[in-house]
Amino acid sequence: MTAPCTLGYVTGMTTRFDLHMHTIRHSPDSAIDPMALVRRARALGLDGVVITEHDWLWTEEELDELRAAAGDLLVFTGIEVSALEGHFLAHGVTDPFSVPRGIPVSDLCRVVHDQGGAVVAAHPFRWGQPFDEIVAESSPDLDAMELMTGNMDERCRTLANEFWKKTGWRGLGSSDAHQEPALGVCYTVFEDTIRDLSDLIDALRSGSTTPRERRGNRLGPPG
C-alpha cells in the first residue's frame with residue numbers, strides 16, 4: 001500500500017491533474033482497475049484525473065461509482081480519439097458518436113468546440129508522427145498539446161517543446177497510464193482552481209499550465 005505524499009513542491013491555489021489514462025473497463029490494452037486508479041491517484045496526492053479510453057466515453061452513471069470512492073479527488077472523463085492523423089484527447093464531449101474513429105483532426109476540433117469542449121494533441125511526434133506537417137496542412141484549432149507523458153522519450157519531448165513554443169496552446173503533462181504504477185508519472189499543474197468539468201475546459205483553453213514529472217513516490221517538478 002502506497003503512503004500519501006507530502007506535496008512540498010507546489011504551493012498556492014494550484015490544481016494537479018493527470019489528464020490521460022486508460023482502464024480495463026473500456027480499453028483492452030490497459031491493466032488498470034478503475035477502483036485501483038482512484039486509490040492510487042489519491043495516494044499520490046493528485047487533485048483530479050481524467051479517464052480517456054480509446055474511442056469511448058464513460059457515462060455519468062459509471063463515473064458516479066468511482067466518485068463515491070474518490071473523496072475529494074475529481075474524476076472526469078474524455079476520449080482519446082483515433083483521428084485520421086493520430087491520437088487526440090477530446091475533453092468535454094457530450095456526444096461521443098460525433099467523434100468517430102478516423103475523423104480528420106480539423107473536424108474533430110470543430111465538433112468538440114461546438115459541444116463546449118477542448119482538444120489536446122496526445123503524445124505528438126511519437127512513433128514518427130509528422131505532427132508539424134499535420135498542423136501545417138490541416139490547421140487544427142487545438143487548445144493544448146502534451147509536452148511530456150510516460151511514453152514520450154527525450155527526443156519526442158524535445159520536438160514537442162520546440163514546436164509548442166511557436167503556438168499559443170497550453171502545454172501539458174500526462175501519464176497516458178495503462179499500468180497502475182504509471183499513474184501520475186507526468187501531470188499538469190493548473191494555476192486555476194478547478195471544481196468541475198467546466199473549470200477544467202476553461203483552464204485547458206485559456207489557463208496557466210505547467211507540465212511536471214514525478215520522481216520516485218513524490219509529485220514534484222521535473223528532475
Side-chain angles (χ1 to χ4, degrees), residues 2-23 27 30 32 34 36-53 66 70-80 87-92 118-124 126 143-154 156-157 160-161 164 169-197 199-205 207-223:
T2 305
C5 303
T6 301
L7 303 180
Y9 292 108
V10 182
T11 61
M13 297 299 291
T14 58
T15 310
R16 300 164 296 261
F17 257 84
D18 189 342
L19 299 155
H20 182 180
M21 62 193 63
H22 304 270
T23 79
S27 289
S30 177
I32 303 176
L37 181 156
V38 168
R39 291 193 297 269
R40 176 70 170 168
R42 292 186 65 189
L44 287 171
L46 288 166
D47 298 303
V49 296
V50 184
I51 301 173
T52 52
E53 311 284 23
L66 293 186
D72 293 336
L73 180 74
L74 296 170
V75 182
F76 302 137
T77 183
I79 308 173
E80 183 171 6
H87 291 181
F88 296 84
L89 305 177
H91 296 286
V119 182
V120 176
H123 39 66
R126 192 173 68 134
D143 301 289
M145 61 184 287
E146 291 180 331
L147 302 184
M148 58 171 66
T149 70
N151 50 27
M152 289 173 68
D153 61 21
E154 288 305 315
C156 188
R157 294 185 186 193
N161 274 271
W164 166 73
W169 304 334
R170 306 310 101 187
L172 309 177
S174 304
S175 69
D176 190 10
H178 291 69
Q179 304 284 335
E180 186 179 339
L183 285 167
V185 293
C186 298
Y187 62 101
T188 298
V189 174
F190 293 96
E191 294 302 319
D192 312 89
T193 299
I194 296 174
R195 295 152 296 196
D196 53 31
L197 184 58
D199 285 346
L200 177 63
I201 298 303
D202 288 344
L204 287 171
R205 300 192 71 168
S208 176
T209 62
T210 303
R212 294 188 184 272
E213 186 166 21
R214 171 169 57 85
R215 291 302 189 191
N217 190 36
R218 179 188 291 273
L219 291 181

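Because the structure is a prediction, the values reported are computed rather than measured.
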*Which residues pass the side chain to side chain donor-acceptor pair (under 3.5 Å) test with Thr149, sequence neighbours left out?*
Asn151
*Sequence neighbours excluded, which residues qualify as side chain to side chain donor-acceptor pair (under 3.5 Å) partners of Arg39?*
none
Rounded distance [0.5 Å steps], [atom1] in [X] versus [atom2] in [Y]:
X	Y	atom1	atom2	value
Trp169	Thr209	CH2	OG1	13.5 Å
Tyr187	Leu44	OH	CG	10.0 Å
Thr14	Asp47	OG1	CG	7.0 Å
Asp199	Asp196	CG	CG	4.0 Å
Leu89	Leu172	CG	CG	8.5 Å

*Using the side-chain contact (heavy atoms from CB on, under 4.5 Å) rule, take Asp143 and Arg170 through it: C-alpha gap first, then chi angles, then the decisive distance, then the call.*
CA-CA 6 Å; Asp143 301 289; Arg170 306 310 101 187; 6.0 Å; no
Ignoring hydrogens, what is the shortest heavy-atom contact between [X] and [Y]? Give both atom names and the distance.
X	Y	value
Asp153	Cys156	OD1-N, 2.8 Å
Phe76	Leu197	CZ-N, 3.5 Å
Pro124	Met152	O-CE, 3.9 Å
Gly150	Cys186	N-SG, 4.1 Å
Ile194	Ala203	CD1-CB, 4.2 Å
Gly171	Pro211	O-CD, 3.6 Å

Any [X] side-chain heavy atom under 4.5 Å of [Y] side chain:
X	Y	result
Ser174	Asp176	no
Met21	Thr23	no
Phe190	Leu19	yes
Leu204	Asp202	no
Val50	Thr77	no
Glu146	His87	no
Leu46	Phe17	no
His91	Ile201	yes

_Whether the His22 and Gln179 side chains hold a donor-acceptor pair (N or O, under 3.5 Å, no angle test) is what I'd like checked._
no
*Asp18 side chain to Ser175 side chain, donor-acceptor N/O pair below 3.5 angstrom*: yes
Is a side-chain donor or acceptor of [X] paired with a backbone partner of [Y] at a separation under 3.5 angstrom?
X	Y	answer
Arg214	Leu183	yes
Arg16	Gly45	yes
Thr52	His20	no

_Using the side chain to side chain contact (heavy atoms under 4.5 Å, CB included) definition, which of the options Val49, Leu73, Ile51 pairs with Val38?_
Leu73
*Greater than 12 external heavy atoms within 6.0 Å of Asp72's CG*: no
*Hey, is Arg157 close enough to Glu213 for a salt bridge, meaning N to O under 4.0 Å?*
yes
